[in-house]
Amino acid sequence: MAPSGRMVASSTSDFFITFGEERLLVRVRRHPRARRLRLRYDAALGELKLVIPPRAGLGDARRWVEGQSAWIERQRAIRPQGEPVQQGSVLPWRGGTLTVCWSAQSPRTPRIDGDRLCLGGPQSAIGRRIRRWMEQEARQEFAAASQAMADRAGLKLSAVSVGDPRSRWGSCTSTGRIRYNWRLVMAPDHVRLAIVAHEVAHLAHLNHGPAFYDLVHSLCGDAHDRSREWLRHHGSDLHRWRFDGV
């Protein structure tokens, strides 16, 4: 991260590795005291961090990372058991919280009432009902925001969808299809804005070079840098909730 706070490519040595149809970013940092290669998976950001010795060859380092595919897959597959969403759960919501308030007399569809998320229906299905509601909210919001931002940048967007991948918050294909993690609907405004800007910028640049970050910055200003800090500290809180019942 540059001292100015503007996000730029941390190194021209950064690269991608491929898992099936997914591309995983590897951020490379040369450390003057490093004696060997060290790899860490950042689940909150969905990327790998590679530390290499000062004189290590980048080609050898890349081949070594590619040889760690089994370890990487295991790290990406790790999911904490999580906390079930139920009556009284306090969920993160856009910089604040929502307390789940269930009542047999309330409508089944969740609705926000101040700092409460109210719903009815079978109590055993509270988590699943809230998940469906959040997925719908995320799908509508991200589709509209992505299209508006793509139009503003003069870029072609093919489709927007949502899912629940553990390893990343968003992705963009070469055919212009963007996919978001629906759990981001719980994140603060600047985080959602930054993720949309990041993925829309990939419509023009399927890399993380200077031109990509110039476009991101033009779309969302310093929200991108601030979002990375927020996700680093709070991203795991979005993942820790289980919406499949108690």
Side-chain angles (χ1 to χ4, degrees), residues 1 7 9-31 33-54 56-85 89 91-92 127-128 131 134-135 138 161-174 177-187 191 194-195 198-199 202 206-208 227-246:
M1 187 176 299
M7 172 58 91
S10 62
S11 168
T12 56
S13 301
D14 293 350
F15 58 87
F16 287 91
I17 56 175
T18 303
F19 288 89
E21 297 182 354
E22 292 190 76
R23 301 167 76 234
L24 192 60
L25 175 64
V26 181
R27 292 195 179 274
V28 180
R29 182 168 68 94
R30 293 186 184 272
H31 195 286
R33 294 191 297 275
R35 295 293 179 264
R36 59 185 177 83
L37 303 178
R38 297 199 308 273
L39 188 64
R40 180 174 68 86
Y41 178 63
D42 188 329
L45 296 177
E47 61 190 33
L48 291 163
K49 305 294 179 63
L50 176 64
V51 176
I52 64 177
L58 187 60
D60 290 339
R62 180 174 188 141
R63 284 187 288 273
W64 179 80
V65 172
E66 291 172 341
Q68 307 301 310
S69 58
W71 177 87
I72 295 169
E73 287 289 5
R74 287 196 300 271
Q75 298 304 305
R76 297 175 72 208
I78 294 173
R79 282 180 177 265
Q81 184 176 3
E83 185 173 342
V85 174
S89 293
L91 305 175
R128 291 190 293 276
R131 172 172 178 152
M134 286 191 177
E135 287 177 336
S161 61
V162 297
D164 190 19
R166 178 73 183 181
S167 61
R168 58 178 54 199
W169 297 111
S171 60
C172 179
T173 70
S174 59
R177 302 177 68 88
I178 294 178
R179 185 174 177 83
Y180 296 100
N181 189 310
W182 62 263
R183 292 174 184 263
L184 282 168
V185 77
M186 296 184 279
V191 175
I195 297 298
H198 187 107
E199 300 309 329
H202 277 314
L206 282 175
N207 55 60
H208 289 86
S227 75
R228 288 178 62 84
E229 287 301 308
W230 189 93
L231 288 170
R232 190 181 308 280
H233 290 98
H234 305 288
S236 59
D237 194 37
L238 303 185
H239 279 299
R240 78 182 176 93
W241 292 99
R242 249 182 44 228
F243 291 82
D244 54 357
V246 181

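- Each of Val28, Leu50, Val26 was compared with Ser13 under the side-chain contact (heavy atoms from CB on, under 4.5 Å) criterion, and only Val28 meets it.
- For the atom pair Arg177 CZ and Arg179 CZ, the distance stands at 9.5 Å (nearest 0.5 Å).
- Across all their heavy atoms, Val51 and His31 have their closest contact at CG1-CB, 3.7 Å.
- One N or O on the side chain of Arg30 and one on the backbone of Pro54 form a donor-acceptor pair closer than 3.5 Å.
- Side-chain contact between Gln68 and Arg74 is absent, with no heavy atoms from C-beta onward closer than 4.5 Å.
- Ile17 contributes atom CD1, which lies 4.0 Å from atom CD1 of Ile72 (distance to the nearest 0.5 angstrom).
- Taking all atoms of both residues into account, the shortest heavy-atom contact from Asn207 to Phe16 is CA-CE1, 4.1 Å.
- With sequence neighbours left out, the side-chain contact (heavy atoms from CB on, under 4.5 Å) criterion links Ala138 to Phe142, Val162, Trp182, Val185.
- Heavy atoms only, all atoms of each residue included: Leu39 and Leu48 are closest at CD1-CB, 4.0 Å.
- Two residues are said to be in side-chain contact when any heavy atoms from C-beta on lie closer than 4.5 Å; Leu58 and Phe15 meet this criterion.
- The CZ atom of Arg228 lies 9.0 Å from the CD1 atom of Ile195; values are rounded to the nearest 0.5 Å.
- Expressed to the nearest 0.5 Å, how far NE2 of His202 lies from OG of Ser174 amounts to 12.5 Å.
- Relative ring orientation between Trp230 and His234 is described as tilted, the plane-to-plane angle lying within the 30° to 60° band.
- Counting heavy atoms from C-beta outward, Leu25 and His208 have side chains that approach closer than 4.5 Å.
- Going from atom CG of Asp14 over to atom CD of Glu47 covers 8.5 Å, rounded to the nearest 0.5 Å.
- Side-chain contact between Asp164 and Asn181: present, with at least one pair of heavy atoms (C-beta onward) separated by less than 4.5 Å.
- Here the NZ atom belonging to Lys49 is positioned 13.0 Å from the CZ atom belonging to Arg38, to the nearest 0.5 angstrom.
- Annotation: side chain of Arg183 is in contact with side chain of Phe243 (closest heavy-atom distance under 4.5 Å).
- Using a 4.5 Å heavy-atom cutoff, the side chains of Arg242 and Pro84 are in contact.
- At distances below 3.5 Å, at least one donor-acceptor pair connects side-chain atoms of Arg35 with backbone N or O atoms of Arg33.
- At least one side-chain heavy atom of Pro53 sits under 4.5 Å from a side-chain heavy atom of Leu37.
- Counting all heavy atoms, side chain and backbone alike, Ala61 lies closest to Ile52 at CB-CG2, 4.1 Å.
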- Message: If you apply the rule side chain to side chain contact (heavy atoms under 4.5 Å, CB included), what do you find for Leu238 with Trp169, and how did you get there?
- Response: CA-CA 11 Å; Leu238 303 185; Trp169 297 111; 3.9 Å; yes
